[in-house]
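Below you'll find the structure, written out as structure tokens, and then a few comments.
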Amino acid sequence: MEDQVHLMSAHIGLTGLSQEDAGDPDDIRKHPNFGQPQQHFGDILQQIMAITEERLDEAQARKHALNYHRMKPALFSVLCEMKEKTALSIRGIQEEEPPDPQIMRLDNMLLAEGVAGPERGGASAAAAAVAAAAGGSPDDGNFEDADYREKLAQIRQIYHTELEKYEQACSEFTNHVTNLLREQSRTRPTSPKENERLVEIIHRKFSAIQLQLKQSTCEAVMILRSRFLDARRKRRNFSKQAIEILNEYFYSHLANPYPSEKAKEELAKKCSITVSQVANWFGNKRIRYKKNILKFQEEANLYVMKTAVDAASVSSQTSQATSPATPNSGCWWLAGQ
DNA sequence: AATTATGATTTCCT
DNA sequence: AGGAAATCATAATT
């Protein structure tokens, strides 16, 4: 019995410490309660702060754990299977749509105008523009044409830089999405079809943006065209001087008023007009001269006189081709009458 | 306003 | 291709 009491007391004694602590009515005063909550909140705050940093690691750890779970491969394959099935139904919905006819139209137009596609005489146009800007050389008389080409080149440049920008952004974005998808493919099944679809969606979005660029470019070209081409269409008479030169050549070569390409170039240069204008002039002149020679007799005599005087002043012999007053044997103006 | 002159364009031919 | 012829569109003239 005694032993038992001892044992018990001993046992009690073991727990006595806690009993004493809790039992002491002064305990509350000995450990002031005011300090306790402060420390507590501090801990909580710290924990909260820590969460923001720990979560990622935790998540990574959880992900890692999942990835290496022994059931993972099996479950993953099941997932893949399910995905295949749903993808099949999705695949059925999307079909190959023909390229937007509107875009096609715009593309064709831009191509036709030389805005898109390879540099169509772009270098020469730029050179002409530069030459015109440099000193307005009387070389090429058609300033309007040069101006037009310069403006067109400008539009073309803007168009190309913008297009390039868009393309770059598009490929960048596509790359990004592809990378993202690849990243995701580690935790969820992704099919190449899915990637394809996403890329296609991206391209569609970007081409919608490009459509606007193309539209505005087309508009600009149209405006330029209506401004310049129509202005060019308005006929301007050649200068008196030019007419002099042309007539001189015509009547001094009345026997064969067909200037060679070289001669045309020279005349164009002298008259400050284009070669094709020279060709036009000669075409018109020939047909109109032969339509009624009588009407042009006066003019013919005038220029024959003029060249004769010139020839006389230059050299003594005047018995050259500068004698068209006497109809030649060729008689080009009797050709198709 | 009507007519003519003239540069450009179109069509056809070779 | 390059020219003839017809035609168009506008400048110049009357």
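All heavy atoms count here, side chains included; hydrogens, waters and symmetry mates do not. Chain A is the first sequence line, chain B the second, and so forth, proteins listed ahead of strands; every chain is numbered from 1.
- Here the P atom of nucleotide B/dT6 and the CH2 atom of A/W281 are 10 Å apart, to the nearest Å.
- Looking only at distances, no side-chain donor or acceptor of A/W333 sits under 3.5 Å from a matching main-chain atom of A/K291.
- A sub-4.0 Å separation between OP1 or OP2 of B/dA8 and a side-chain N or O of A/N280 is present.
- Spacing between atom CD of A/E299 and atom C1' of B/dT6 amounts to 12 Å, rounded to whole angstrom units.
- Put simply, CG on A/N284 is 15 Å from C1' on B/dT4, counting in whole angstrom units.
- A donor-acceptor contact shorter than 3.5 Å links the side chain of A/H160 to the backbone of A/R156.
- Within the structure, a side-chain polar atom (N or O) of A/K291 is placed less than 4.0 Å from OP1 or OP2 of C/dA6.
- The aromatic rings of A/H176 and A/F173 lie tilted to each other, with the angle between the two planes from 30° to 60°.
- Between A/Q277 and B/dA8 there is a side-chain N or O to OP1 or OP2 distance below 4.0 Å.
- Note: CZ (A/F296) to C1' (B/dT6) measures 10 Å, nearest angstrom.
- Across all strands shown, A/L246 has no heavy atoms under 4.0 Å from either base or sugar-phosphate atoms.
- The separation between A/R235 atom CZ and B/dT6 atom C1' is 4 Å, rounded to whole Å.
- Checked by atom type, the side-chain pair A/E299/A/Y289 shows no donor-acceptor distance below 3.5 Å.
- Residues A/E261 and A/R288 both approach DNA chain C. Their nearest nucleotides, taken by heavy-atom distance, put A/E261 toward the 5′ side.
- For the pair A/K285 and C/dG3, the criterion of a side-chain N or O lying under 4.0 Å from OP1 or OP2 is not met.
- A sub-4.0 Å separation between OP1 or OP2 of B/dT4 and a side-chain N or O of A/K295 is absent.
- In the set B/dT6, C/dA4, B/dA5, C/dA4 carries the atom at the smallest distance from any side-chain atom of A/Y258.
- Nucleotide B/dG7 holds its P atom 18 Å from the OH atom of A/Y289, rounded to whole Å.
- A/N237 contributes no side-chain N or O that forms a donor-acceptor pair with the base of B/dA5 under 3.5 Å.
- Two rings, from A/Y303 and A/F250, have their centers 6.0 Å or more apart.
- Among the nucleotides C/dA5, C/dG3, B/dG7, the one closest to the side chain of A/I287 is C/dA5.
- Rounded to whole angstrom, the span from the CD1 atom of A/I273 across to the C1' atom of B/dG7 amounts to 10 Å.
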